[in-house]
Amino acid sequence: MYDRHLNKASTRCYLLPRAMASGTALVYDEEMTRYKLLWVDPACKVEVPERLTACVAALQEQGLAQRCVAPPVRPATEEDILLAHSEQYLEAVKRTPLMTLEELCPTQHTEVCHVTKPALAVWLQNIYHCAKLAIGATLQLVDRVMTGQVRNGMALVRPPGHHSQRSAANGFCVFNNVAIAALYAKKRFNIKRVLIVDWDVHHGQGLQYCFEEDPSVLYFSWHRYEHQSFWPNLRDSDYHSVGKGPGAGFNINLPWNQVGMDNSDYLSAFFHVLLPVAYEFNPELVLVSAGFDSGIGDPEGLMRATPDVFAHLTHLLTSLAGGKLCAVLEGGYNLTCLAQSVCQTVQTLLGDPAPRPSGLSGPCESALESIQCVRAVHRQYWGCLKHTERDLVSSPPLLLPLHPPAAGEGDGSSLGETQHRAQQQEGGGGDGLSPCLARLPPDRTQDRRRWRTGEGGGVLQALGHVRALLDKICRKEVQNGLAVVADVSVAVAYALQRAVTSLTNRVLLVFLGDGEVPVEVTEEGKVLVFQICSKEPRDRKSKYHIPVCLRKQGGDGAAGFLHAVLSLLLPLGYGYDPGLVLTAVGTESGVGQALWAQLTSLLQGLAQGHTLALMQQGCGEGTLRATACSLLGGPAPAVGPLGAPAPENVREVERQRERLQGQWGLLRTAGPAEGSSAAH
Ligand code: SS9
Ligand code: ZN
């Protein structure tokens with residue numbers, strides 16, 4: 001088992017609560033390779049047993065399977081199946097093993113791909129057995145995650161499930177594994193909100209039909225649609241299908257009307273549609289209908305997203321539901337892309353940092369149009385999407401000249417002085433926390449103990465710590481670090497200077513608090529400053545300085561803050577692709593510890609997880625602990641139900657997006673200009 005707890009030698013073990021689930025389950029049984037589909041139509045010959053064996057072989061070869069827990073697979077019971085299917089349908093599927101090959105093979109082969117009830121006959125005898133195992137594997141995973149035996153996991157199953165319906169098989173799918181999992185989790189564990197993310201390239205209409213009237217299950221699907229010309233050619237797959245009755249707003253379809261969608265398109269959909277709504281929904285469990293036919297090279301999808309995008313999609317979802325995420329295989333028909341994408345997903349579930357997200361310039365016009373439509377149609381249901389229409393932006397976009405940061409201030413001598421100051425204050429410390437912690441980089445073969453306290457457990461000088469941490473990050477000895485400092489401004493100035501001279505071309509600084517951000521780097525673009533403040537800062541607004549002024553109103557703090565993080569900071573960060581993320585928080589940040597932990601978690605998707613958190617002494621043990629947990633790869637605690645962000649705060653974020661979206665494409669949520677997007 002992959003042990004992510006603190007090492008025993010550490011004296012600071014209490015940072016991770018014992019109850020916190022750790023570990024990743026990989027649920028698989030070779031038995032599920034033992035059926036074949038008797039397709040005649042060559043388009044249908046892609047759903048082959050090798051899909052599973054290729055994934056398992058790659059996971060083993062990369063040492064990932066060995067790091068996972070492997071619970072045994074059990075067959076589903078009839079009771080499980082009947083959660084989502086009718087008795088007549090179950091009886092019909094049950095009869096298939098008794099049928100002869102002649103009975104199984106219909107004379108007319110042309111319609112076999114989207115098998116409906118009479119055409120059940122095309123399966124080989126063993127498929128009923130395999131379909132029961134596919135459900136059982138999925139439920140086994142749900143059990144392990146919900147009982148806290150593991151944090152998350154993946155089930156490698158076939159047949160897939162998301163197309164199958166109450167009384168119909170469809171598109172290679174027999175029983176709806178993920179639908180059953182959601183219903184099972186609700187019933188068995190009494191949870192009230194389940195999020196299903198269907199990133200398969202096909203629309204999981206079976207999932208939509210199962211939950212469209214149910215507000216307790218939020219279903220999100222993007223899919224190749226091409227204005228209904230792509231299979232399953234349903235009007236129901238368009239963005240207008242938002243759910244019915246009490247379920248209105250809880251079905252989100254994002255149709256892709258062109259092939260060739262890439263990493264920018266997928267991430268934009270997450271930043272501007274899925275994640276804001278998902279945070280507002282506040283799920284207790286995340287189920288992923290993880291089909292990889294949305295990846296590059298797939299003959300079905302014809303999309304262009306690379307396998308590493310799945311690491312990011314996975315990572316971005318692990319900040320929800322306290323990290324409780326179950327990924328369940330659906331489609332994926334290019335064996336190479338499928339296997340690599342599954343590896344990226346599992347590796348991220350294991351907590352390894354995602355590869356750097358490079359070359360993200362922004363979504364294509366067709367993707368933007370889809371994103372704009374789905375946001376518009378869901379605006380009435382979700383607070384995070386309200387007040388985001390362009391005509392609600394009250395003031396014109398700020399178009400300020402680019403100011404190169406002032407040079408020549410804060411040189412080595414002043415640093416020496418503050419170092420001395422820091423030293424004095426550190427000496428008197430003793431809140432029980434080590435001032436310096438670092439997470440070791442992932443290492444698959446040797447020492448699995450991930451944390452070290454500062455050298456010898458002794459108290460070093462704060463800036464010495466900062467330097468030591470940066471050097472270790474630079475030498476790849478540690479992945480990230482946290483330093484408690486006496487003066488966060490001074491530490492930031494020092495760390496920035498050192499990082500851009502010896503570590504990386506680009507540093508993303510996330511600065512929480514009012515006042516001047518101590519950026520003394522002369523070269524424009526080497527530092528991107530994202531400042532969350534409560535007072536309008538003095539100018540210095542360039543492409544690389546983004547102050548977001550949020551006002552706290554009636555408990556809205558969390559919603560406004562998260563909105564800014566999801567719709568501004570993440571797109572900027574992903575577009576900028578820093579080599580290091582520096583976070584800085586002062587004493588009176590006003591941001592709750594859960595939020596800070598969320599932010600820290602989400603930012604781990606950047607810079608291969610190279611983060612240095614600088615925290616002002618006295619910022620509060622809770623905040624410190626939450627940050628440390630997130631840096632360790634622990635799940636960020638759920639922030640609780642979020643209301644709508646205050647209109648004022650949404651408008652502030654919109655203002656910044658208006659100002660910057662010409663230069664940062666990932667900030668866009670709509671076509672080029674008002675009025676001109678009518679023709680298409
Ligand atoms: C009909 C093509 C149907 C079905 C693909 C199902 C994929 C499930 N000519 N293709 S993920
Ligand atoms: Zn598919």
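Numbers here simply count residues along the sequence, with the first being 1. All values below were derived from every heavy atom in this structure, side-chain atoms included, with hydrogens, water molecules and symmetry-related copies excluded. Every number for a ligand or one of its atoms is a count from 1 in the order of the listing.
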Do Phe310 and Trp199 have their ring centres less than 6.0 Å from each other? yes
Which atoms from ligand 1 have a heavy atom of His202 less than 4.0 Å away? 5 (C), 7 (C), 8 (C), 11 (S)
Charged N to carboxylate O below 4.0 Å: is that the case for Arg95 and Glu91? no
How about Tyr239 and Trp222: are their ring centres within less than 6.0 Å of each other? no
Residues His85 and Asn176: side-chain donor-acceptor under 3.5 angstrom: no
Where do Asn253 and His240 land on the side chain to side chain contact (heavy atoms under 4.5 Å, CB included) test, with the steps shown first? CA-CA 8 Å; Asn253 283 337; His240 298 113; over 6 Å; no
Can you find a non-hydrogen atom of Glu330 under 4.0 Å from ligand 1? no
Near Tyr333 (heavy-atom distance under 4.0 Å), the atoms of ligand 1 are 7 (C), 8 (C), 11 (S)
Is it true that Glu47 lies under 4.0 Å from ligand 1, counting heavy atoms only? no
Give the atom numbers and elements of ligand 1 that come within less than 4.0 Å of a heavy atom of His162. 11 (S)
I'd like to check which ligand 1 atoms, numbered from 1 as shown, lie under 4.0 Å from a non-hydrogen atom of Glu300. 5 (C)
Do Trp231 and Tyr225 have ring centroids that are under 6.0 Å from one another? no
Taking it one step at a time, do Trp256 and Phe230 satisfy ring pair (Phe, Tyr, Trp, His ring centres under 6.0 Å)? CA-CA 10 Å; Trp256 298 128; Phe230 187 68; over 10 Å; no
Does the shortest distance from the Zn ion (ligand 2) to an N/O/S atom of Asp200 fall below 2.8 Å? yes
To the Zn ion (ligand 2), the closest N, O or S atom belonging to Asp293 is OD2
List ligand 1 atoms under 4.0 Å from Asp293, heavy atoms only on the residue side. 11 (S)
What N, O or S atom of His202 is found closest to the Zn ion (ligand 2)? ND1
